[in-house]
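Structure first, then comments.
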Amino acid sequence: MEVRVENGGSYEVGKSGWGKSLPVPSIQEIVRSDSQSEGPIISEYVADSLEIPVIDFSFLANGDEDEVQKLHLACKDWGFFHVINHGVKEQILEKIKAAVAAFFELPFQEKKKYAKAENETEGYGQNFVVSEHQKLDWSDMIYLLTLPSQNRNFKFWPLSFPGFKEASEEYSREMQKIAEELQANFSVLMGLKRDGLKRLQGGELKQGIRKNYYPICSRPDLVLGCSPHSDGTSFTLLLQDDDVPGLQIKHNEAWVPVKPIPNSLVVNIGDATEIQSNGMYKSIEQRAIINEKKPRISIATFMFPDDEQEIGPVETMIDDQNHPKLYRNIKYVDYVREMFSRKMEGKAHSTQFTKLHDK
């Protein structure tokens, strides 16, 4: 079940300015491969009885102090939480899921029209592939920059495919609304006004959406759908497959399955928020496992600062005596370039290279 990169080569920073990734074979096209693996990789302890916190977005949006405190504890203790009662119509969620599932059902030659090149992060394929000897994740994806709208590169959008553009744009708008409210609450929790982080980041958060497809595998213990990593975002909003679980997060040295709640979203703190909060809210290691009998889809909406924006701990989160500055300031695009230059390998993949102290 081992899949490695073929025909690798040199690569350069792409047009997005973010980084590079080698082209890879389609996992869907080799899903029946009988090649041998080095041995099981899904062997660590899984804490099935634990569950991540649940935040009621309707209470949060109305300024409920108890819910704001629950959000603080969820970010501090877990870095992950479900969001329910978020106000997005079920029809919109079903439309984007249907559009994604239909895209991945297209013939390979059709999907290949939207393939990412070596020096691009957008498009169909995989990211974080930095070596031709690297073992690949058991998944395919299509990643698109969605907001602001002028950032869209429609050569990667399957515009001829009925409903894809409309479903993506509608879903994008709804995620942006939720993201704005979450950012305002994170801002307050960091001792700023509701628009404090927005001002510090030079305006609205940018948005990109990654649509993932995880094929079945006859030996799911030999592969991972997504290698352990933390997100290099401000935060991420994930729409899970209601029927096929797969997301797991690291909590107290155990992997905790994130059990789907129908029509909910899963939110996780990203590296940029960990840095801004001076380590109060940590981005958490996550991975995706594979199902033996059913394929799985997921839709991750990444919220992140402008490329030229400098990120660093906000002044209100620094106390020289009790909580000194733990991270150096860095321009966001430089942070992302560093991140894309590495294979996804847990937390060592992310904020470690910005730390000022070994804490």
Side-chain angles (χ1 to χ4, degrees), residues 18 53 55 60 68-81 83 147 175-176 178-208 229-238 249 266-286 300-340 346-359:
W18 278 10
I55 299 296
L60 198 65
V68 173
Q69 181 63 15
K70 282 176 62 178
L71 177 66
H72 163 68
L73 293 174
C75 295
K76 181 175 180 287
D77 297 338
W78 284 85
F80 267 81
F81 53 92
V83 169
L147 289 175
M175 292 303 100
Q176 195 75 6
I178 295 172
E180 288 173 2
E181 181 62 36
L182 287 173
Q183 184 189 38
N185 278 275
F186 295 151
S187 187
V188 171
L189 289 173
M190 291 186 207
L192 304 170
K193 294 182 179 180
R194 277 180 61 88
D195 65 349
L197 285 177
K198 182 177 178 180
R199 287 175 177 272
L200 283 175
Q201 292 172 172
E204 302 284 350
L205 287 171
K206 308 300 186 282
Q207 184 194 88
H229 68 284
S230 62
D231 287 346
T233 60
S234 293
F235 53 93
T236 303
L237 302 94
L238 180 73
I249 70 167
V266 176
V267 178
N268 65 274
I269 297 299
D271 296 341
T273 296
E274 174 175 332
I275 292 169
Q276 289 174 320
S277 71
N278 202 27
M280 174 69 77
Y281 305 135
K282 288 185 169 58
S283 58
I284 299 300
E285 203 172 328
Q286 57 184 288
T301 302
F302 301 125
M303 308 302 306
F304 48 87
D306 183 82
D307 281 357
E308 297 303 311
Q309 183 62 45
E310 187 175 78
I311 58 172
V314 299
E315 291 298 324
T316 50
M317 301 301 289
I318 299 171
D319 179 336
D320 289 339
Q321 287 190 328
N322 300 314
H323 201 183
K325 185 175 180 178
L326 298 179
Y327 306 86
R328 64 185 175 90
N329 289 24
I330 186 172
K331 189 181 291 187
Y332 185 68
V333 69
D334 293 335
Y335 179 83
V336 177
R337 284 174 181 167
E338 176 69 23
M339 185 180 69
F340 268 91
K347 285 289 287 182
H349 169 76
S350 55
T351 54
Q352 299 303 316
F353 62 85
T354 67
K355 283 196 170 183
L356 294 172
H357 312 281
D358 294 327
K359 291 185 179 180

### Message
Which label fits F186 and Y281: parallel for a plane angle under 30°, tilted from 30 to 60°, or perpendicular past 60°?
### Response
tilted
### Summary
In terms of heavy-atom contacts, L60 and E181 come closest through O-OE2, 3.8 Å
### Task
Measure across F80 and P53 and return the closest heavy-atom pair with its distance rounded to 0.1 Å.
O-CD, 3.4 Å
### Query
Could you give the distance from CD (E310) to OH (Y332), rounded to the nearest 0.5 Å?
14.5 Å
### Task
Considering non-hydrogen atoms only, spot the tightest contact between P313 and N329 and give its length.
CD-OD1, 3.8 Å
### Spatial distance of atom CD1 (I249) from atom CD1 (I284) [nearest 0.5 Å]
7.0 Å
### Summary
In short, I55 meets F81 closest at the heavy-atom pair CG1-CD1, 3.6 Å
### Task
Heavy atoms only: give me the nearest Q207-T301 pair and the separation to one decimal.
CG-CG2, 3.6 Å
#### Entry: From K282 atom NZ to D77 atom CG, the distance as rounded to the nearest 0.5 Å
10.5 Å
### Task
Check D271 against G232 and note the closest heavy-atom contact, atom names and distance.
OD2-CA, 3.5 Å
#### Entry: Verdict with reasoning, L192 to L200, per side chain to side chain contact (heavy atoms under 4.5 Å, CB included)
CA-CA 10 Å; L192 304 170; L200 283 175; 3.9 Å; yes
### Message
Please check: side-chain N/O of T236 versus main-chain N/O of N268, any donor-acceptor pairing under 3.5 Å?
### Response
no
### Task
Give, for atom CD of E285 and atom NE2 of H229, the distance between the pair rounded to the nearest 0.5 Å.
9.5 Å
### Message
I'd like to check the side chain to side chain donor-acceptor pair (under 3.5 Å) partners of E180; sequence neighbours left out, ordered by chain and number.
### Response
none
### Summary
Distance col, row R194:CZ vs N185:CG, nearest 0.5 angstrom, shows 6.0 Å
### Query
Looking at CG of L197 and CG of L189, how far apart are the two atoms once the value is rounded to the nearest 0.5 Å?
10.0 Å
### Query
H323 side chain to N278 main-chain N or O, any donor-acceptor pair under 3.5 Å?
yes
### Message
Checking K206 against M303 for the side chain to side chain contact (heavy atoms under 4.5 Å, CB included) test, could you report, in this order, the C-alpha distance in whole Å, the side-chain angles of both residues, the deciding distance, and whether it holds?
### Response
CA-CA 6 Å; K206 308 300 186 282; M303 308 302 306; over 6 Å; no
### Message
So, using side chain to side chain donor-acceptor pair (under 3.5 Å) as the criterion, who are the partners of Q276 when residues are at least two apart?
### Response
Q201
### Message
Quick check against the 3.5 Å criterion: does S283 have a side-chain atom that pairs as donor or acceptor with the backbone of E274?
### Response
no
### Task
Please answer whether the main-chain N or O of A272 pairs with a side-chain N or O of S234 as donor and acceptor at a distance below 3.5 Å.
no
### Test side chain to side chain donor-acceptor pair (under 3.5 Å) applied to Q183 - qualifying residues, sequence neighbours left out
none
### Any side-chain heavy-atom pair of F304 and V336 under 4.5 Å
no
### Message
I'd like to know if the side chain of S187 and the backbone of K193 have a donor-acceptor N/O pair within less than 3.5 Å.
### Response
yes
